[in-house]
Amino acid sequence: TETRTLVFPCWKGMSNDLYDMLAGHETAHALFTPAGTQVLVDAIRKVDTRNGSTAAKTFLNIVEDARIERLMKARLPGLRRSFFNAYRELMSHPLFVDQFSKVGEMRLIDRINMHYKFGAWCKVPFTAEELPLVQEVEQTKTFDDVVDLSRRIWEMQRQQENQEPQPQQAQPQAGGEGEGQGEPQQGQQQPGSSTREPQQQREMDTGEAGESEKDAQDAKGEDTSES
């Protein structure tokens, strides 16, 4: 971002709602996320105070996505229906379709992401210890709030991973060196994900509706008024 140049996607067969959601999301970043590489670098160092690793960017991005989407829908309430319909459409997209059966095995930050994007259709489990941080995501007002909360989520997840057993050394796959490299395959962790086995989480209702659930309520109300 220095120039705030927006590049909108053009996927084959994408619906108007999906386009509006993606365009609205990127526009929200332009409106509400601070510009400049140094801002991001400083934020990453505040999240991962030990190493300043780029993995911290994932935490920032997920918490910031929830904030900017909430602000965008408050500014343009008509986008609520588009966001709701678009995320419902994405549930059948190959990038997400296999993830819903594995939600309970995901690391904390990924479960937060699933809750705020797909919580209207997918109940995401959290522990009593995690729950306050999950609810705080919906209360962030400034980018500084996002950085502070991302740091605390990072620290909690790091503590969880430190309590988990180390995985056994992976065995070479048949077919020679380099085979299977490139894009992650199904079941393979994405860059920045924990390399440890996921901790078993005790399922607990968040007690509050996430943004996708609120969008569902708004969309239902609009449908009723139009009928």
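In this text the structure is predicted, and so the values were computed from the model without any measurement.
- Smallest separation of non-hydrogen atoms from R111 and M106: NE-O, 2.9 Å.
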(message) For D144 and D148: C-alpha separation, side-chain torsions, deciding distance, then whether side chain to side chain contact (heavy atoms under 4.5 Å, CB included) applies.
(response) CA-CA 6 Å; D144 286 340; D148 177 68; over 6 Å; no
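- The side chain to side chain donor-acceptor pair (under 3.5 Å) check on T54 picks up nothing, with sequence neighbours excluded.
- With sequence neighbours excluded, the residues satisfying salt bridge (charged side-chain N to carboxylate O under 4.0 Å, His left out) with E136 are R152.
- The minimum heavy-atom distance linking M72 with G24 is given by the pair CG-O, 3.8 Å.
- The ring-ring contact (aromatic ring centres under 6.0 Å, His included) analysis of residues 36-56, with sequence neighbours excluded, yields no pairs.
- Between F59 and Q157, the closest side-chain pair of non-hydrogen atoms falls below 4.5 Å.
- The two residues R67 and K141 come nearest to each other via the heavy atoms NH1-O, 3.0 Å.
- Across all their heavy atoms, L71 and F32 have their closest contact at CB-CE1, 3.7 Å.
- Side chains of I112 and L133 form no contact here, defined as non-hydrogen atoms less than 4.5 Å apart.
- Applying the side chain to side chain contact (heavy atoms under 4.5 Å, CB included) criterion to A56, with sequence neighbours excluded, gives I44, V47, D48, W154.
- In this view, Y19 and F8, M14, A23 satisfy the side chain to side chain contact (heavy atoms under 4.5 Å, CB included) rule, not counting sequence neighbours.
- Taking CD of Q99 as the start and CG of N113 as the end, the distance is 10.5 Å to the nearest 0.5 Å.
- When the side chains of ILVMFWY residues are joined at heavy-atom separations under 4.5 Å, either directly or via intervening members, V41 and V63 end up in two distinct hydrophobic clusters.
- The two residues L149 and T140 have their closest heavy-atom pair at CD2-CG2, 3.9 Å.
- Here CD1 of I68 is found 9.0 Å from CG of L31. Values are rounded to the nearest 0.5 Å.
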(message) I'd like to know whether R50 forms a side chain to side chain contact (heavy atoms under 4.5 Å, CB included) with R158, so could you lay out the CA-CA distance, the side-chain angles of the two residues, the decisive distance to 0.1 Å, and finally the verdict.
(response) CA-CA 12 Å; R50 296 188 176 196; R158 183 167 59 83; 3.3 Å; yes
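- With sequence neighbours left out, the salt bridge (charged side-chain N to carboxylate O under 4.0 Å, His left out) criterion links D65 to K117.
- Ring geometry for Y87 against F83 counts as tilted: the plane angle lies between 30° and 60°, on a 0 to 90° scale.
- Evaluation of the salt bridge (charged side-chain N to carboxylate O under 4.0 Å, His left out) rule for E155 yields R151 as partners, not counting sequence neighbours.
- Atoms CZ and CZ, on R80 and R70 in that order, are 10.0 Å from each other to the nearest 0.5 Å.
- Note that the OG1 atom of T127 and the CG atom of L108 stand 7.5 Å from one another [nearest 0.5 Å].
- Here the closest non-hydrogen pair linking L90 and F118 is CB-CE2, 4.2 Å.
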(message) Using side chain to side chain contact (heavy atoms under 4.5 Å, CB included), reason through V103 and C122 one step at a time and then give a plain yes or no.
(response) CA-CA 9 Å; V103 170; C122 176; 3.7 Å; yes
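- Listed by chain and residue number, D17, D20, L79 satisfy the side chain to side chain contact (heavy atoms under 4.5 Å, CB included) test with S82 (two or more places apart in sequence, or in another chain).
- Applying the side chain to side chain contact (heavy atoms under 4.5 Å, CB included) test to D42 and every residue at least two apart in sequence or in another chain returns Q38, R45.
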(request) Output, in order, the C-alpha distance, side-chain angles, deciding distance and verdict of side chain to side chain contact (heavy atoms under 4.5 Å, CB included) for K123 and H115. (result) CA-CA 7 Å; K123 186 175 181 180; H115 171 65; over 6 Å; no
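- One distance of note links CD of E89 with CZ of F96; it measures 11.5 Å at 0.5 Å rounding.
- Listed by chain and number, the residues in a side chain to side chain donor-acceptor pair (under 3.5 Å) with T33 are H29, E64 (sequence neighbours excluded).
- Under 4.0 Å is where a charged nitrogen must lie from a carboxylate oxygen, and between R107 and E161 no such pair does.
- Of the inter-residue distances, the one linking T27 atom OG1 with R75 atom CZ reads 10.5 Å to the nearest 0.5 angstrom.
- Within the structure, ring-ring contact (aromatic ring centres under 6.0 Å, His included) pairs that include any residue of residues 131-151 do not occur (at least two apart or interchain).
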